[in-house]
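We name chains A, B, ... by the order of the sequence lines, and we start the count at 1 in each one. Computed from a prediction, not measured in an experiment: that's the story for all the values here.
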Amino acid sequence: METIVSIIFSGVFNASTLFLVAAGLQVVFGVQKVFNLACGSFYALGAYFGIVVVKSFVAGGFPKPLFIVPLIGAGLLLGFIGPIVERGLIKFVYDRDETFQLLLTFALVMMIEDVIKFIWGTSPQTTGGIDLIYGRINLFGATLPVYNLIVILCSLIIAALIGYILLNTKFGRIIRATADKKEMGEALGINMKMVYIKVFTLGTVLGTLGGALVIPATAVVSEMGVELIVLAFAVVVIGGLGSMKGAFIGALIVGVLKSVAISTYPELEMLTIYIIVIAVLVIKPQGLFGGSKV
Amino acid sequence: MKPWQEILSLKSTKVLILIVVGLLFLGLPLFASQYVSYLMLTFFAYAVMVLGLNLLFGYTGLLSFGHAFFMAIGAYTAAFLTGKFSILYMEVILVVAVIISSILAALIGAICVRYIKIYFAMLTLAFGMLFYTFLLKFYYLTGGDEGMRVLRPYLLGFNLSEIPKMQYLTRSYYIYTLVILAILTFVMWKIVSSPFGLCLKAIRDNPEKAEYLGVSVKRYRWYAFIISGAYAAIGGALLAPAIGQVDPGLTYWTHSGTLVFMTLLGGFENFFGPLIGGVVYIFLQDKVMSLTTYWRFIFGAILAFLVIVAPGGIAGVISSLVKKEKGGE
Amino acid sequence: MVILSASDLRKYYGEFCALDGVSFKINEGEFVSIIGPNGAGKTTLINVLTGLLTPNTGKVFYKDKEITGIGPEKLSKLGVARSFQLVNIFPNFTVLEFLMVAVVSRLGKGTNFYSSLLRDQKVTSEALEVAMLFGLVGKRDVLTKNLPQGDKKMLDVASAFALHPEVILLDEPTSGVSTSDKNKIMETLVSASKKIGIKSIIQVEHDMDIVFSFSDRIIALHQGKILSDSAPGEIEKNEEVVCTVLGQKECFKIFSALMHEHTGKGGKA
């Protein structure tokens with residue numbers, strides 16, 4: 001029981017950041033139809049920047065337990081990359097073949113990887129276990145770090161927020177309309193340029209925030225972004241491309257599966273995930289929630 | 001009849017250029033440094049892979065983001081046969097690589113060719129990564145992230161273990177690989193200019209219409225996938241003795257991206273484009289890497305530039321310049 | 001002899017019923033036109049007949065063989081070909097290469113991996129033959145994306161003919177072409193089909209002059225149902241029905257077409 005709880009808990013924790021990145025992938029794919037391989041790179045950027053901010057926050061003599069505030073701020077702040085990348089690169093390929101869009105985001109992956117190496121070097125970095133400041137609690141007999149609970153909570157709040165925005169705001173309606181039909185937005189006289197910038201920025205922020213939130217509980221390595229994109233891809237394939245609900249469920253499946261595999265057969269960790277991805281693509285190529293829009 | 005003569009003479013000029021380039025490559029080790037010859041050798045191996053990749057990408061319209069999978073199959077075949085089974089005949093290695101990769105490509109292809117565009121790209125990526133984790137985790141078999149050593153193979157039955165390593169690589173093995181590349185280039189040329197090649201191009205341009213004209217779209221994509229996988233495996237098997245050590249990084253998805261990069265750089269719309277891309281990529285990478293450790297940033301920028309401004313690659317730019325010149329006359 | 005038949009075809013797109021119990025038989029040697037206002041289900045019908053779409057209920061037969069939802073590739077091998085309403089081409093192909101695709105697949109040469117296409121006399125000459133029938137020989141080496149609109153359309157049709165089918169379905173073969181050219185195109189089609197040995201032609205067409213002067217039979221669709229199915233001469237009996245289907249403008253056209261017929265100017269091909 002105790003181990004089952006901690007396995008599931010760590011799976012849900014995996015899922016919570018995975019969901020953020022996958023949601024960023026989905027929203028951009030839904031509106032712009034661009035599959036952004038660089039979403040994992042945004043995640044890595046968020047992680048590295050998060051470390052810098054937390055360290056200087058602590059060095060500045062601010063109360064340690066409040067570190068989560070500047071951490072979230074760091075994730076949000078990095079959103080400024082969104083408009084730059086969108087206006088500087090992505091906007092040129094909207095009416096091009098999907099394969100070229102994919103290649104452009106691959107170019108972005110290469111560039112961001114080196115930007116990270118240039119700024120932060122190649123050695124792994126941590127926040128020095130600052131997450132343990134919140135201590136641990138006992139739940140169903142298992143001892144769980146409180147910080148991880150907070151991250152799960154943050155992720156749930158963001159999920160609810162996204163759901164609210166999509167369903168109840170004008171911006172959300174525009175997103176859903178354009179996801180249905182690209183011409184729709186233009187036909188309604190909406191400034192699509194602004195919509196594209198906003199959506200891409202939203203996608204970026206979700207990635208950077210995911211990276212920032214995860215970092216106190218783990219170490220950063222320069223390949224983390226490249227590795228995450230493969231996981232995020234697994235999530236959206238299982239959940240269904242373009243579906244937010246799919247990203248949520250897919251993230252849970254992948255996250256829990258990953259932690260189950262790690263604690264039982266570590267050799268099979270990623271293997272199981274890829275096999276499930278392939279199985280889903282073969283049996284139900286549109287994913288579990290494909291067809292339902294964003 | 002005049003246009004025919006023109007075409008004929010045009011064809012013979014092209015053949016002449018090819019022969020000259022071939023002879024230049026052949027004679028290169030005589031006047032170039034060993035290092036340059038070595039880089040050229042790796043290019044020959046990559047050239048075989050991108051020839052195969054472009055049958056899928058340029059001719060059939062399918063972007064594989066997991067093609068490094070098949071090259072790794074070829075490379076690990078070489079490592080296993082030489083290291084674990086003491087089979088050192090290069091010809092045997094190549095044949096086994098072709099057999100294994102064709103079987104795997106037939107199985108994987110049967111699944112992948114049901115999808116196109118992003119789904120195809122991502123599914124191939126997933127298979128590549130599946131193999132990557134397999135290589136990494138089953139270390140008692142594959143050596144894990146350290147990989148495996150590749151012993152020096154016999155060429156045409158000759159044991160060349162007495163020759164110094166660089167001399168072996170830049171002379172005997174160099175010529176051996178070049179000849180195989182020449183043969184495989186010729187075979188690929190025949191394939192793309194066959195009725196089958198025409199059907200592939202039809203599928204690329206408009207699969208729906210092709211189907212109405214009686215072309216079995218999925219079956220032909222499957223054939224292309226298998227041929228392409230076998231080419232990549234041959235390239236991988238040729239590369240393995242040249243680098244002397246194989247590791248899981250060969251099948252990582254960014255390495256698949258490198259193959260696509262080469263193809264795009266040279267020009268996927270042109271038969272020889274990927275080969276041009278391969279040679280430019282390898283020498284450019286060598287140059288840029290010697291100048292800065294941040295070569296990926298520069299290459300990323302080049303790729304972005306290519307995608308946005310010159311999707312036809314080097315060959316595309318050249319042919320549009322030639323056209324302009326002709327138009328100006 | 002019946003060559004193509006449909007029984008009780010129904011096709012739904014969600015709530016919308018595009019075909020609502022369509023049945024008919026096409027005989028060998030017939031030229032049948034399908035008419036009806038936009039949204040009547042004409043293109044859906046063609047798509048169902050050619051196996052691109054599977055109907056919710058009902059069956060399609062070619063001779064004695066059921067071909068419901070069989071898919072385009074198998075259909076073309078059986079001897080049924082079609083052309084498209086919107087231009088459907090291989091943009092980067094020359095005219096000759098385009099036609100070669102059809103010839104290669106008809107001759108079963110698609111899996112020739114290693115023979116040279118250019119040296120294949122049979123494929124080249126048969127492709128040229130079809131190009132000749134449709135007046136495209138002069139443009140044999142032009143890239144299809146650089147062709148004028150009318151020629152693109154012709155090429156699409158020509159490639160279907162190059163399959164040497166027994167039945168051909170043409171979805172608005174003359175749309176987007178000037179009225180003066182329409183008759184010429186139709187005459188080309190009819191004479192080409194005779195030379196190739198096509199037994200029956202089914203076409204969707206809006207131009208009533210064309211419909212009345214070339215068809216043996218006219219099937220009028222409205223809201224997914226067959227309103228009338230008769231020879232052009234008999235359409236007077238259904239005139240009222242047809243007029244409600246086609247609206248005032250077309251109604252006037254039919255009258256004028258009928259007038260032509262009565263004064264002996266029209267006539268079947």
Side-chain angles (χ1 to χ4, degrees), chain B residues 3-4 6-8 10-11 55 58-61 102 114 183-184 186-228 230-231 268-271 311-312 316 319 323, chain C residues 47 50-52 71-84 86-94 96-120 122-123 127 141 143-145 155-156 158-165 169:
Chain B
W4 282 110
E6 264 173 39
I7 289 168
L8 224 68
L10 192 72
K11 202 179 165 190
L55 185 70
Y59 287 91
T60 322
S102 301
R114 290 158 63 184
I183 295 169
L184 290 177
F186 180 72
V187 171
M188 188 55 86
W189 174 254
K190 292 289 281 182
I191 290 174
V192 300
S193 41
S194 72
F196 173 67
L198 182 79
C199 292
L200 289 188
K201 283 180 266 182
I203 291 169
R204 172 199 65 198
D205 267 23
N206 187 343
E208 188 198 29
K209 176 74 185 166
E211 212 165 348
Y212 269 104
L213 293 182
V215 177
S216 344
V217 172
K218 280 176 191 161
R219 199 151 51 89
Y220 286 18
R221 278 184 185 142
W222 186 57
Y223 294 149
F225 194 88
I226 296 171
I227 297 171
S228 164
Y231 262 71
F268 67 100
E269 287 161 331
N270 186 294
F271 180 78
S319 78
K323 262 184 208 150
Chain C
N47 284 340
T50 55
L52 183 68
E73 183 216 334
K74 283 184 188 149
L75 196 77
S76 75
K77 301 238 154 82
L78 286 174
V80 183
R82 77 170 284 188
S83 75
F84 293 84
L86 302 170
V87 169
N88 208 341
I89 54 164
F90 305 122
N92 301 309
F93 277 43
T94 65
L96 192 65
E97 282 173 334
F98 194 121
L99 297 171
M100 277 175 160
V101 177
V103 178
V104 160
S105 98
R106 171 162 55 82
L107 298 175
K109 289 190 171 185
T111 44
N112 284 9
F113 293 98
Y114 208 69
S115 67
S116 170
L117 183 67
L118 290 173
R119 296 210 191 102
D120 196 320
K122 195 166 164 57
V123 173
D141 294 322
L143 283 184
T144 51
K145 64 179 167 198
L155 188 57
D156 182 17
S159 66
F161 275 69
L163 288 169
H164 291 192
L169 296 97

If a pair satisfies salt bridge (charged side-chain N to carboxylate O under 4.0 Å, His left out) and one of its residues is in residues 102-117 of chain C, list it, with sequence neighbours excluded.
-> C/R106-C/E126, C/K109-C/D120
Are any non-hydrogen side-chain atoms of B/L198 and C/E97 less than 4.5 angstrom apart?
-> yes
Tell me, for B/I227 versus chain C, whether the close heavy atoms (under 4.5 Å) come from the side chain, the backbone, both or neither.
-> side chain
Looking only at atom types and distance, does a side-chain atom of B/S193 sit under 3.5 Å from a main-chain N or O of C/S116, one as donor and one as acceptor?
-> no
Chain B contact via C/A162 - side chain, backbone, both or neither, heavy atoms under 4.5 Å = neither
C/N88 meets the side chain to side chain donor-acceptor pair (under 3.5 Å) criterion, sequence neighbours left out, with B/N206, B/E208
Flag the one option from C/L107, C/V101, C/V123, C/V104 with the top tally of heavy-atom pairs under 4.5 Å to chain B.
-> C/V101
C/N92 backbone acceptor or donor facing B/D205 side chain under 3.5 Å | yes
Give a yes or no on this: more than 12 heavy atoms of other residues, nucleotides or ligands lie within 6.0 Å of atom OH of C/Y114.
-> yes
Criterion side-chain contact (heavy atoms from CB on, under 4.5 Å) on C/F93 and B/K201, from CA distance to verdict = CA-CA 8 Å; C/F93 277 43; B/K201 283 180 266 182; 3.5 Å; yes
Output the option from C/L75, C/L52, C/L118 having the highest count of non-hydrogen pairs under 4.5 Å with chain B.
-> C/L52
Decide side-chain contact (heavy atoms from CB on, under 4.5 Å) for C/L117 and B/F196; before the verdict, give the C-alpha distance in whole Å, the side-chain angles of both, and the deciding distance to 0.1 Å.
-> CA-CA 9 Å; C/L117 183 67; B/F196 173 67; over 6 Å; no
Heavy-atom pair count under 4.5 Å with chain C, highest-scoring of B/K190, B/R204, B/K209 | B/K209
Distance-only side-chain donor-acceptor flag, B/Y212 / C/T50, under 3.5 Å | yes
Exercise: identify the closest heavy-atom pair between C/K77 and B/G214 | NZ-O, 2.9 Å
With chain C, which of B/S194, B/C199, B/A210 has the greatest number of heavy-atom pairs at distances under 4.5 Å?
-> B/S194
Most contacts with chain B, counted as non-hydrogen pairs under 4.5 angstrom, among C/P165, C/S115, C/G51, C/A102 | C/S115
When the 4.5 angstrom heavy-atom criterion is applied to B/V187 and chain C, the contacting part is both
